[in-house]
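The next block holds one structure in the form of structure tokens; read it before the comments.
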Amino acid sequence: MATAAHAGHRLERRYARLGVFLIAPTIVVFSLVIVYPLLAAIYLSFFSVYTPTLEGEFTGADNYIRLLTNAAFWNSLITTLIWTVGTLSLQIVFGVGMALLLHQNLWFRSLARSLVLFPYFVSTVVAVLVWRWLFNDLYGAINHGLMQLGIMDMPLDWLGTMPNAMIGVILVGAWKYFPFVVIAVLARLQTIPEHLYEAAKIDGAGPIARFFDVTLPQLRSVLVVIILLRAIWDFKEFDLIYLLTGGGPVTSTQTLSLLVYQEAFALNEMGQAAAYSIGMMLVMLVFMLVYIRRTAREA
Amino acid sequence: MAEVVLKDIRKEFGTFVALERLNVAINAGEFVALLGPSGCGKSTTLRMLAGLDFPTAGEISIDGRVVNDVAPGKRDIAMVFQSYALYPHMTVAQNIAYPLKKRGVARPERDAAVAKTATLLQLEPLLNRKPRQLSGGQQQRVALGRALVREPKVFLLDEPLSNLDAKLRSYMRAELIELHRRIGKTMVYVTHDQLEAMTMADRIAVMHDGRLQQFDEPEIIYNQPANRFVAGFIGTPSMNQLEGAIAGSSFVINGEQVPINRALYEQALKDGPVVLGIRPENVSLSGGSLPATVRLVENAGHEQIVTVEIPGGHRLLAREASGQRPSVGQTCQIGFDADFIHLFQPGENGSRFETTGQAHVIPMQAQRSASDES
Ligand SMILES: Nc1ncnc2c1ncn2[C@@H]1O[C@H](COP(=O)(O)OP(=O)(O)OP(=O)(O)O)[C@@H](O)[C@H]1O
Ligand SMILES: [Mg+2]
């Protein structure tokens, strides 16, 4: 008995050592690509650094004071929130709607299921070029179509004026990323037991009541995860907005990512850019904490 | 008055015929069991009654109204699913109240109805729990509660006890019988467990391969099975069936003669092949005329099941009170109690030759304890 327990103990220790050995590569890579840049950014944010040479001098909290007192960061934060909330809401509404549609027994279901993924898989650069062509004020298909239909009589400058530019960016973002919501929701829909719907039918629930009383509660958990993930990704979205409007007109679609980029590579203020990115990270940390609190409470 | 009527129901799934020429009329207040092996179409029948599936042909009526085109929620039925199908995000109270809520019952009346149902099913301490915080038996009671709360005309239950362990199952069986007695509603109960059907139902509809085999009271199903399938399906161990022939006034198998009652062979009409059916409890291991060898003795404590082999290689089961133990290899002269011999038409599912005035009444008590052994 004692020897068996002893052997078991030894085996457990061997497993533990093996475990450490197996996750070691991950930890090393993780440190190199995440922890090091993070520490470097924090370090840089206390300097005034000239980007091309990466030389500069220690300035203490100056960068953070500028962050707090100048309007640039706060305006950009508001822009980021508008963009995130706007595009995320559309992604969720269209994503859930499309998932419900594709969950029905339609004859073109399998074809539609593959087609719907197209925006998500197409490269952002390609997608944005196409959309810029569609949005173009002189020869764009959207203006052309709307004028043909008689909805407007003058071509509209979609990406060059506000609020059109923000609306355009939000729409393209929703178009690009709603397939992610579709996939996740569709996967969950397929696991909802059919019996629940049948019970609801017998209990006298119509299609709308069945959606709110059976489907939606079952989707809740997956929606929380989707919203969190998409919120984080949308919050730090860069290429789509940069390619579509470059942050313009002026700074009206300049989200925090674009602000950091501009500060670092257009104004060559690497230290200030680092401070902005730390600020951005802290905002996202708030999201994270809210999420962790929520999931902890639910479990 | 018949409350639930299935008339000439046929159900096809693609080219597969799941139900054929199904005719059943269930009386108001009756407890009817749909009994049959897996895949015989019990659930399909129940789902069509509920309106979750639709017959390919035929007519379903509930309380005199044809309901073929009536939505499940408007049929005045309630159903208990095998998996319970409780709404996972709602509390027990909300689950039970849901059918009332969807029918626009006001809050105070709803609460009163839930409280009443909870008392009936002893659910009061659980009202604020979520389904996943309940045991199987408790979930089952909540599912029943959700059905009961509305006082529908007909209850449909699809193997509601099959997820429970043996002890809880027999407890819930008694509860359901008691409940039916108290509320007196029509219940249609699907099961593949003959013990459940025999003990609970007023009448049993035995189904096989999408066809109704027999629809009658448990005693009659047991004592006068309509055909070879019912004879073999009801009773454990099941009825012995021997293929032989009628010659003169005897049943002949492998040259050996088994005397049978006059009334019986008169029904069998003429000499020719028949199947003889005899339940193990009506086979005696001595004093008979059929030579046999004991092949296996299974002791179940209060009784033993003895497998014997007769010439020609046929095996028979005999149920013997424990006491003297026959030993394996021993030869004996087995006999059948002539009053309990059944004759069936030859063929896979030959029907039984009816006899008039045959003394075939086993007291219910004895018979139930016989089926209890399963
Ligand atoms: N949706 C369906 N599509 C095709 N075949 C089906 C469908 N539903 C049931 N069947 C077939 O119809 C037959 C009867 O099914 P049913 O569910 O009524 O059986 P059951 O008697 O309830 O069996 P069990 O005791 O296993 O629940 C089975 O052979 C089954 O394969
Ligand atoms: Mg079934």
Side-chain angles (χ1 to χ4, degrees), chain A residues 92 95-97 99-100 103-110 181 184-228 290-299, chain B residues 43 46-54 62 67 70-91 94-105 110 130-132 139 142-150 152-160 163:
Chain A
I92 297 293
V96 172
L100 288 172
H103 190 53
Q104 306 299 313
N105 262 322
L106 305 168
W107 58 268
F108 56 88
R109 182 164 73 173
S110 37
V181 182
V185 171
L186 198 54
R188 183 69 183 88
L189 279 177
Q190 284 161 353
T191 66
I192 301 178
E194 190 57 31
H195 275 162
L196 289 182
Y197 291 105
E198 295 181 344
K201 271 187 205 166
I202 286 174
D203 288 342
I208 295 171
R210 289 202 293 274
F211 174 74
F212 282 103
D213 295 334
V214 179
T215 311
L216 210 53
Q218 295 271 315
L219 289 183
R220 231 184 85 107
S221 56
V222 75
L223 280 180
V224 169
V225 174
I226 295 174
I227 288 174
L228 175 87
V290 170
Y291 171 74
I292 289 170
R293 281 264 299 277
R294 271 200 81 108
T295 48
R297 207 181 50 213
E298 262 167 44
Chain B
S43 297
L46 203 70
R47 290 171 55 81
M48 287 192 302
L49 280 177
L52 298 172
D53 258 333
F54 300 95
I62 294 176
V67 293
V70 179
K74 303 229 155 71
R75 286 191 180 193
D76 212 3
I77 48 113
M79 183 159 168
V80 178
F81 291 83
Q82 178 172 350
S83 56
Y84 312 139
L86 300 176
Y87 307 117
H89 61 287
M90 298 185 197
T91 63
Q94 288 167 334
N95 261 287
I96 296 177
Y98 189 72
L100 297 180
K101 195 170 153 192
K102 287 301 126 184
R103 283 176 174 75
V105 177
R110 228 153 65 201
K130 294 273 176 73
R132 68 184 141 82
Q139 291 187 28
V142 178
L144 269 174
R146 190 173 61 183
L148 282 171
V149 72
R150 227 172 70 207
K153 280 242 153 52
V154 182
F155 286 96
L156 307 172
L157 302 101
D158 193 354
E159 311 205 23
N163 286 349

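Protein chains get the first letters and strands the later ones, always in sequence-line order, with residue 1 at the start of each.
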- Between atom CG of A/Leu196 and atom CZ of B/Phe81, what is the distance when rounded to the nearest 0.5 Å? 9.0 Å

- Item | Among B/Pro99, B/Gly73, B/Ala50, residue most engaged with chain A (heavy-atom pairs, under 4.5 Å) | B/Pro99

- Query: What residue among B/Arg103, B/Lys101, B/Arg146 forms salt bridge (Lys or Arg N to Asp or Glu O under 4.0 Å) with A/Asp203?
  - Reply: B/Arg146

- Can you tell which part of A/Gln218 gets under 4.5 Å to a heavy atom of chain B, answering side chain, backbone, both or neither? side chain

- For residues B/His89 and A/Arg220, determine if any side-chain heavy atom of one lies less than 4.5 Å from a side-chain heavy atom of the other. no

- Query: Who wins among A/Ala200, A/Pro193, A/Gly206 for the most heavy-atom pairs under 4.5 Å with chain B?
  - Reply: A/Ala200

- Evaluate the side chain to side chain contact (heavy atoms under 4.5 Å, CB included) criterion for residues A/Glu198 and B/Met79: first the C-alpha distance (whole Å), next the side-chain angles of each, then the deciding distance (0.1 Å), finally the verdict. CA-CA 9 Å; A/Glu198 295 181 344; B/Met79 183 159 168; 6.0 Å; no

- Could you have a look at B/Lys74, B/Arg47, B/Arg75 and say which one has the most heavy-atom pairs with chain A under 4.5 angstrom? B/Arg47

- Task: Give, as side chain, backbone, both or neither, the part of B/Leu156 having an atom under 4.5 angstrom from any heavy atom of chain A.
- Result: neither

- For A/His195 and B/Ser83, which heavy atoms make the closest approach, and how far apart are they? ND1-OG, 2.6 Å

- Message: Distance check, rounded to the nearest 0.5 Å: A/Asp213 atom CG versus B/Met90 atom CE?
- Response: 4.5 Å

- Counting heavy-atom pairs under 4.5 angstrom with chain A, the leader among B/Gly51, B/Ala71, B/Pro88 is B/Pro88

- In short, B/Leu52 meets A/Lys201 closest at the heavy-atom pair CD2-CD, 4.3 Å

